[in-house]
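Worksheet: the structure to be examined is printed underneath.
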Amino acid sequence: MLNKPKKMIVANWKMNVTSQKDAEGLFLSIRNVVSKLEYTQMICCPPHMYVNQVAQHANHKNYRVGGQDAYPEESGSRTGETSVLMMKNAGAEYVILGHSERRHLETKLDISRKVIAVLEHEMTPIICIGEESRDKNWKKVLQQQVKDVFNRVPKKNPENIILAYEPIWAISSDKKNPATSTEYMEALEVIKKESQKIFKTAKAVEKIRFLYGGSLDDKNIEDFLKNANVDGFLVGRVSHDPRILMTMFRLVEDHVQKELFSISE
Ligand code: 13P
């Protein structure tokens with residue numbers, strides 16, 4: 001695909017799949033559809049308990065496995081934690097970090113230590129940032145978050161980093177209040193500008209992959225595909241609904257195909 005990485009849908013199952021049987025069944029039901037796609041990839045992020053089991057079925061480049069968090073030290077007296085090394089040994093290649101649903105449990109220093117540890121273990125961090133509301137300070141909040149996650153991170157392989165913009169006000173709720181592609185693009189501009197100060201060149205920032213997440217589904221994903229510069233999506237609520245997820249994969253695949261077709265014409 002013109003040397004571009006595939007578009008990705010990251011399925012963050014959160015704590016919504018509660019048995020090995022369900023985890024396996026859900027993954028297998030999506031897997032067959034995803035294996036046939038040419039331009040789209042799924043990163044499945046089950047609860048830690050089921051990472052290993054799902055990873056055993058993830059034997060195709062189109063579907064890979066990630067964790068929902070990981071502790072930066074490899075081992076030690078850390079009751080209840082799952083280390084980056086354990087995550088890797090279980091078969092994860094990606095780790096979601098700094099998710100807003102975990103931020104009350106961790107400091108920004110913890111998050112950046114996790115990012116560094118994940119990179120050191122040759123896995124890909126999917127770092128989540130996003131403001132709490134679109135008040136008058138939202139851009140400053142976002143700029144600070146970019147500084148906090150990137151300042152200490154090694155700068156040499158930005159292509160190994162994924163940054164997900166997940167505004168807290170848009171995440172999974174009964175309100176069902178996704179950001180629009182316009183709001184995403186406004187945020188992306190802020191994020192890229194701030195990242196450039198840290199990574200020094202626009203070229204380096206272009207290598208980072210940027211995702212959108214927050215109340216996405218098969219109804220609103222097209223807005224982002226058509227109107228936003230987005231490398232993929234981070235999906236929660238519908239990530240364990242195979243029917244909706246498959247429609248979303250189809251929409252992404254068709255969109256990329258059309259785009260390529262129009263370029264080659
Ligand atoms: P929803 O898709 O449920 O809004 O969740 C987004 C999210 O938090 C993914 O990490």
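Every heavy atom of this structure was used, including side-chain atoms; hydrogens, water molecules and symmetry mates were not. In listed order, ligands and their atoms are each counted from 1.
Lys139 NZ: 12 or fewer foreign heavy atoms inside a 6.0 Å radius.
Looking at ligand 1, you'll find an N or O of Gly236 within less than 3.5 Å of one of its N or O atoms. Annotation: Glu101 places no N or O atom under 3.5 Å from an N or O atom of ligand 1; distance criterion only.
Under 3.5 Å, the side chains of His48 and Thr82 contain a donor-acceptor pair of N or O atoms.
For ligand 1 and Glu166, the ligand atoms under 4.0 Å from any heavy atom of the residue are 6 (C), 7 (C), 8 (O), 9 (C), 10 (O). Ligand 1 places these atoms under 4.0 Å from at least one heavy atom of Arg237: 1 (P), 2 (O), 3 (O). Taking every heavy atom of Asn12 and a limit of under 4.0 angstrom, the matching atoms of ligand 1 come to 9 (C), 10 (O). Taking every heavy atom of Ser172 and a limit of under 4.0 angstrom, the matching atoms of ligand 1 come to 1 (P), 3 (O), 4 (O), 5 (O).
Ring geometry for His57 versus Phe27: interplanar angle of 30 to 60°, hence tilted. Between Tyr184 and Tyr165, the angle of the ring planes lies from 30° to 60°, which puts this pair in the tilted group.
By the 4.0 Å heavy-atom criterion, Ser215 is counted among the residues contacting ligand 1.
Note that CD1 of Ile116 and CG of Leu119 are 8.0 Å apart. Values are rounded to the nearest 0.5 Å.
One finds no salt bridge joining Arg250 and Glu253 here, because no Lys/Arg side-chain nitrogen approaches an Asp/Glu carboxylate oxygen to under 4.0 Å.
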